[in-house]
*Asks:* 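Okay, here's the structure, questions in a sec.
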Amino acid sequence: MKNLKKTAILCFLVLSWFLGNAQEKPIKKESFDIINLNYKGLEKVNSLFNTAKYDEAARELLTYYRNRKTVKHPDFNAGDENRFRGKEIGKANQEKADNALEHKFQPQKGYGFYDYGKDINWEYWPVKDNEVRWQLHRVTWWLPMGMAYRSSGDEKYAKEWISQFRDWEKKNYLGSSKENDSFAWRPLEVSDRVQSLPPTFNLFVNSPNFTPAFLMEFLNSYNKQAAYIPEHYSKEGNHLLFEAQRILGAGAFFPELKQADSWRKSGIEILNREIKLQVLPDGIQWELSPIYHVACIDIFLKAYNSAKMAGVEKEFPDTYSKTIEKMILASASMMFPNYNNPMFGDSWLVEKESRLKQYKSWSKVFPENAQIKYFATDGAEGKSPDYLSNALPNGGFYTFRNGWNDQSTVMIVKAGPPAEFHAQPDNGTFELWIKGRNFTPDTGCYIYSGDEEVTKKRNWFRQTKVHSTLTIDDQNMVITKAEQNKWQTAKNLDILTYTNPSYTDLNHQRSILFIDNKYFLIIDKAIGKATGKLGVHFQLKEDSKPVFDKANNKVYTAYEDGNNLLIQSLNADKLALNEETGKVSYAYAKEVSRPAFVFEKTKNDVKTESFISIVYPFADKAPDIKIQPNKDNDFEKGIISLNIVIDGKKSEIKTRLN
C-alpha cells in the first residue's frame, strides 16, 4: 500500500512537471538569431552556442540576466526581491494582480473588471468603446502581478504570468486577422507593451518557473514587437512621441539584442525632430491638451533618461532640455493652486500628490530652476513666478490670476489655433478658481471613440454649447483659429481680446477684463452678416445649487461657506436667461449632471450684437450690480468708458479693447 502511494505521488509530480513544461518550445540555433553574442558579458553564452550547446547557452544567458548590473531600470530591478518582500503594493495593484489570476481584467480604468474566460478570449469586447479593446492589449495587470510576486514570493503569480504571456503570443500573432491586428498591433499599444515588459521581466526573471526556454521565447517575442514599431510609427502627435520614446527605451534596456542600436538611433532622431515641430514657441505642445502636454514632458524626459542609461545622452542637443524646461513652466502658468490644469482638450483631474511627484522629478532634472523647485515643494522652497496674469499666445492659453496660493482667484481661458484629435470646438471657454473652488469646470471628454452609441456620447461633450462661449443656433463652431487682438496686464486691470472666425459669416470677438484683481467683465460681440439665435453659455459646478433670477438676468451660487459666484447679464437690450442641460466628466467614462444656462437673443441682420456679462465673486449675499455707460462709450468700436456700480459703490473703467 505504501509503495502504491509513493508511486502515485511520483506519477503526480512527473505529470505536473510535464504539464508545466508542455508549452516549452525547443531551443534551437535560430533562437539566438536576434542576440548579439559578441556583446560584452555574453562570452560564455557565445562559447556554448558555438559548440551547438543551445540549451546550456540559454541557461547561461538566463544566469547573465539574473545577475546583470550594467542596466538599471528606474523602478524595478532583478535582485531587489529581499528589499521588497512582505511590503504592500497598494490596494489597486493587489486587486489587479489577484483578479488576473482568474482572468478578470480591467483594460480601461474608467470601467470595471471583466471576465475573459478560463481560456482567455483576447477578442472579447464587453463595451464597444475602442479604448477597452485597444488597452486590453497593453496588459496593464502584468506589472502588478510582478509586484505581487516580488512582495509575496508566491509562484502562482509567476506561473500565471508566463501562461498568459504565451497565450497572448499564441492568439494575437501578427496577421491573425485584420480586425485583431488593428487592436493588438496598433503601434501605440505595441509601444506600451515594449515599455512595460522590461520591468515585468525584472520582477519575474528570478522565478524558478522562468526557464531558459521561456527566456528565449520572451526575447524573440519582445524583439518582434520592438522591431515592429519603427516600421509602423504613427504619423504625428503624442502617439508618435510615445512610440519613439519607448523604442529608445527598448534599445537601452536590452542592448544585447542586435537591433538595439538602431532602435536607440531611431527614437532619438524622431524625438529631436518632433520636439521642434510639436512644441510651440511658448512651450505648449501642439495638441493643446493640458493633460497630454504634461504627458509629453514625461515622454521627453523618459527618453533622455533612457539615453543616459545607454550612454548616448549627448545625442540630444542642449535645446532639447531647454525646451522641456519651457514646457514645465508653461504647464505651471496654466495651473490652479490644487495642481490641476483645466480640463480642456480631453483632459481630466489628477490627484495633487501625483502632480507634486512629477514636479519633484522635474526639479531633479532642473535643480537650478527656482520656479520648478517652488512647485516641487508646494511653495516651501524655491521662488514663485515673478508674474501673475500670463499669456501663452502660441497655444492660446491665457491666465488671469491675483496670486499663487489656494485663496487666489485664477481664470484660465482657451483661445487658440486649430489642433488635432483632442481639441474641441470651444475657443473662449474658461475655468474659474476662487478661494479653493473651481466654479466653472470644463465639460471634459467623457469618452474617446467606439461604435455609434459611444461616438454619440463623445460628441455630446464636444459640443460648443456645453462650453462657456458663444454660439449661433446652438451649432458647433466650425473652426478654432483665434487671433489675439490685445493682451495687457496692469496693476488693477488685465485685458484679453481675441477674435475667432467661429461660423460662416460670423466672427466672435470676446474681451475679458479682470478688474481690481477681483472680478471679470466679459464683452462678447457677434460680428458679420449671419443671422439666427445667439447664445452665450455658462456652466457651473455640480454642487453649486444656483439661484436663477430670470427677471434680472442673473444666476448665483448658494454655497454656505461664504464663497460664491454671481454671473449676470448687464445688457440694456432685451435678452432671455434659459436653463440648459449640463454635465461634467472628471474622469474617463464617468459623468455627473450640473447646472448650465445661456443668455440668448436674436441676430436679425448684419448689425453687430453684443453681450455684456459680469462674473463676480461674493460671500453670502449676491450684490446688486449695474453699469452706467458714459457718452463716449462704444462697445462696437471697442471704446470702454463706463461706471460699474456694485451695491451703490461706483468704479470707473476707461480702456480700449483692441
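The residues of the chain are indexed from 1 along the displayed sequence. Computed from a prediction, not measured in an experiment: that's the story for all the values here.
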*Asks:* Heavy-atom count around Glu30 CD within 6.0 Å, excluding the residue itself: above 12?
*Replies:*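 Yes - once you tally the heavy atoms of other residues, nucleotides and ligands closer than 6.0 Å, there are more than 12.
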
*Asks:* Can you find a pair of side-chain heavy atoms, one from Thr443 and one from Val584, that are under 4.5 Å apart?
*Replies:*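 They are not in contact (no side-chain heavy atoms under 4.5 Å apart), so the answer is no.
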
*Asks:* What about Tyr448 and Tyr588, are their ring centers closer than 6.0 Å?
*Replies:* yes

*Asks:* Under 4.0 Å between a Lys/Arg side-chain N and an Asp/Glu carboxylate O for Glu189 and Arg186?
*Replies:* yes

*Asks:* Counting N and O atoms only, with roles assigned by atom type, does the side chain of Asp167 sit under 3.5 Å from a partner on the main chain of Ser163, one being a donor and the other an acceptor?
*Replies:* no

*Asks:* Please find the pair of heavy atoms, one from Ser182 and one from Trp134, that lie closest to each other, and give the distance.
*Replies:* O-NE1, 3.2 Å

*Asks:* Answer yes when Glu269 and Arg264 have at least one side-chain N-carboxylate O distance shorter than 4.0 Å, and no when they do not.
*Replies:*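 No salt bridge links Glu269 with Arg264.
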
*Asks:* Tyr586 and Lys541: which non-hydrogen atoms are nearest, and at how many Å?
*Replies:* OH-CG, 4.2 Å

*Asks:* Is the shortest side-chain heavy-atom distance between Glu353 and Leu356 below 4.5 Å?
*Replies:*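 With C-beta onward as the side chain, the pair touches.
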
*Asks:* Any chance you could lay out the side-chain hydrogen bond (donor to acceptor under 3.5 Å, both in side chains) test for Thr440 and Gln539, step after step, and finish with the verdict?
*Replies:* CA-CA 6 Å; Thr440 61; Gln539 299 79 33; over 6 Å; no

*Asks:* State, without any angle test, whether Thr140 and Gln135 hold a side-chain donor-acceptor pair at a distance under 3.5 Å.
*Replies:*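 No pair is found: no donor N or O on one side chain lies under 3.5 Å from an acceptor on the other.
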
*Asks:* How about NZ on Lys69, more than 12 heavy atoms from neighbouring residues, nucleotides or ligands closer than 6.0 Å, or not?
*Replies:*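 Atom NZ in Lys69 is crowded, with more than 12 foreign heavy atoms closer than 6.0 Å.
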
*Asks:* I'd like to know if the side chain of Asn341 reaches the main chain of Met334, judged simply by a donor and an acceptor atom lying under 3.5 Å from each other, with no hydrogens or angles considered.
*Replies:*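 Confirmed, Asn341 side chain pairs with Met334 backbone.
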
*Asks:* Is the centre of the Phe183 ring less than 6.0 Å from the centre of the Trp125 ring?
*Replies:*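 When the ring centroids of Phe183 and Trp125 are compared, they turn out to be within the sub-6.0 Å range.
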
*Asks:* Is a donor on one side and an acceptor on the other found under 3.5 Å between the side chain of Thr464 and the backbone of Met477?
*Replies:*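 Yes, because the side chain of Thr464 sits within donor-acceptor range (under 3.5 Å) of the backbone of Met477.
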
*Asks:* Around Asn82, counting heavy atoms of other residues, nucleotides and ligands shown, do more than 12 lie under 6.0 Å from its CG?
*Replies:* no

*Asks:* Does any non-hydrogen side-chain atom of Glu88 lie less than 4.5 Å from one of Gln94?
*Replies:* no

*Asks:* Going by heavy atoms in the side chains, are Leu219 and Phe254 under 4.5 Å from each other?
*Replies:* yes

*Asks:* Is there a side-chain hydrogen bond (donor to acceptor under 3.5 Å, both in side chains) between Gln278 and Glu236? Walk through the geometry before answering.
*Replies:* CA-CA 9 Å; Gln278 293 199 31; Glu236 58 188 4; over 6 Å; no

*Asks:* Would you confirm whether Ser354, through its side chain, and Val350, through its main-chain N or O, come within 3.5 Å as a donor-acceptor pair?
*Replies:* no

*Asks:* For atom NZ of Lys170, decide whether the heavy atoms of other residues, nucleotides or ligands shown that lie under 6.0 angstrom number more than 12.
*Replies:* no

*Asks:* Give me the atom names and distance for the closest heavy-atom approach of Arg458 to Cys445.
*Replies:*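 Looking at all heavy atoms of both residues, the shortest contact is NH1-CB, 4.2 Å.
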
*Asks:* Got a salt bridge between Lys128 and Glu453, using NZ or NE/NH1/NH2 to carboxylate O under 4.0 Å?
*Replies:*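 No salt bridge links Lys128 with Glu453.
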
*Asks:* So that I can tick it off, tell me whether Glu169 and Lys224 are bridged by a salt bridge, with the cut-off set at under 4.0 angstrom between side-chain N and carboxylate O.
*Replies:* yes

*Asks:* Less than 4.5 Å apart, any side-chain heavy atom of Pro187 and any of Ile229?
*Replies:* no

*Asks:* Quick one: is the NZ or CZ of Arg246 closer than 6.0 Å to the six-membered ring centre of Tyr222, and within 45° of its axis?
*Replies:*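 The answer is no, since Arg246 fails at least one limit relative to Tyr222.
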
*Asks:* Look at Lys104 together with Glu102 and state whether they make a salt bridge at an N to O cut-off of under 4.0 Å.
*Replies:*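 Yes, Lys104 and Glu102 are salt-bridged.
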
*Asks:* Before you tell me yes or no, could you show the steps for His137 and Trp168 under side-chain hydrogen bond (donor to acceptor under 3.5 Å, both in side chains), namely the whole-Å CA-CA distance, both residues' side-chain angles and the distance that decides it to 0.1 Å?
*Replies:* CA-CA 9 Å; His137 294 285; Trp168 187 94; 3.0 Å; yes

*Asks:* Check the side chains of Asp98 and Tyr157 for a donor-acceptor pair under 3.5 angstrom, ignoring hydrogens and angles.
*Replies:*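 The criterion, which ignores hydrogens and geometry beyond distance, is satisfied for Asp98 and Tyr157.
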
*Asks:* Test your reading of the model: is there a side-chain donor-acceptor pair from Tyr446 to the backbone of Lys583, 3.5 Å cut-off?
*Replies:* no

*Asks:* Short question: side chain of Gln106, backbone of Tyr111 - any donor-acceptor pair under 3.5 Å?
*Replies:*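 At least one qualifying donor-acceptor pair exists.
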
*Asks:* Using every non-hydrogen atom in the two residues, find where Glu256 and Tyr39 come nearest and quote the distance to one decimal.
*Replies:* CG-CD2, 3.7 Å

*Asks:* Say whether, by atom type as modelled, one donor and one acceptor occur between the side chain of Asp181 and the main chain of Leu174 under 3.5 angstrom.
*Replies:* no

*Asks:* Mind checking whether Leu188 and Arg138 have side chains closer than 4.5 Å, heavy atoms only?
*Replies:* yes

*Asks:* Is there a donor-acceptor pair closer than 3.5 Å between any side-chain N or O of His103 and the backbone N or O of Lys118?
*Replies:*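 Checking the backbone N and O of Lys118 against the side chain of His103, a donor-acceptor pair under 3.5 Å is found.
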
*Asks:* Heavy-atom distance under 4.5 Å between the side chains of Asp75 and Pro199, does that happen here?
*Replies:* no

*Asks:* Using a cut-off of 6.0 Å, state whether more than 12 heavy atoms not belonging to Lys72 lie near its atom NZ.
*Replies:* yes

*Asks:* Are Phe253 and Asn202 close enough that some pair of their side-chain heavy atoms sits under 4.5 Å apart?
*Replies:* yes

*Asks:* Is it true that a side-chain atom of Glu81 and a backbone atom of Leu203 form a donor plus acceptor pair closer than 3.5 Å?
*Replies:* no

*Asks:* Roughly how far apart are Trp122 CH2 and Ser176 OG, rounded to 0.5 Å?
*Replies:* 13.0 Å

*Asks:* NZ of Lys171: more than 12 outside heavy atoms within 6.0 angstrom?
*Replies:*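 Check passes, neighbour count above 12.
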
*Asks:* Any luck finding a side-chain donor-acceptor pair between Glu287 and Asn238 under 3.5 Å?
*Replies:* yes

*Asks:* Just by distance, no angles: are the side chains of Asp129 and Gln108 close enough, under 3.5 Å, to form a donor-acceptor pair?
*Replies:* no

*Asks:* Does Asp261 pair with Lys265 as a salt bridge, N-O distance under 4.0 Å?
*Replies:*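 Looking at Lys265 together with Asp261, the answer is yes, because their closest N to O distance falls below 4.0 Å.
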
*Asks:* So, Asp80 and Arg83, do they make that salt bridge, N to O below 4.0 Å?
*Replies:* yes

*Asks:* Give me the one residue out of Thr429, Thr480, Asp346 that meets side chain to side chain donor-acceptor pair (under 3.5 Å) with Gln424.
*Replies:* Asp346

*Asks:* State which residue, out of Phe165, Phe210, Trp161, fulfils the ring pair (Phe, Tyr, Trp, His ring centres under 6.0 Å) condition with Phe204.
*Replies:*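 One option only clears the test, and that one is Trp161.
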
*Asks:* Using the ring pair (Phe, Tyr, Trp, His ring centres under 6.0 Å) rule, take Phe201 and Phe76 through it: C-alpha gap first, then chi angles, then the decisive distance, then the call.
*Replies:* CA-CA 9 Å; Phe201 173 90; Phe76 304 102; over 10 Å; no

*Asks:* Search all heavy atoms of Glu155 against all heavy atoms of Ser207 and return the closest pair with its distance.
*Replies:*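 Distance-wise, the nearest heavy atoms are OE1-OG, 2.7 Å.
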
*Asks:* What's the spacing between Gln245 CD and Ser191 OG if we round to 0.5 Å?
*Replies:* 8.0 Å

*Asks:* Using atom types as modelled and distance alone, determine if a side-chain donor or acceptor of Thr455 lies under 3.5 Å from a backbone N or O of Asp451.
*Replies:*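 Answer holds: yes.
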
*Asks:* Please indicate whether Phe84 has more than 12 foreign heavy atoms, meaning atoms of other residues, nucleotides or ligands, lying under 6.0 Å from its CZ.
*Replies:*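 Yes.
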
*Asks:* Do you know the tightest heavy-atom contact between Val294 and Gln358?
*Replies:* CG1-NE2, 3.5 Å

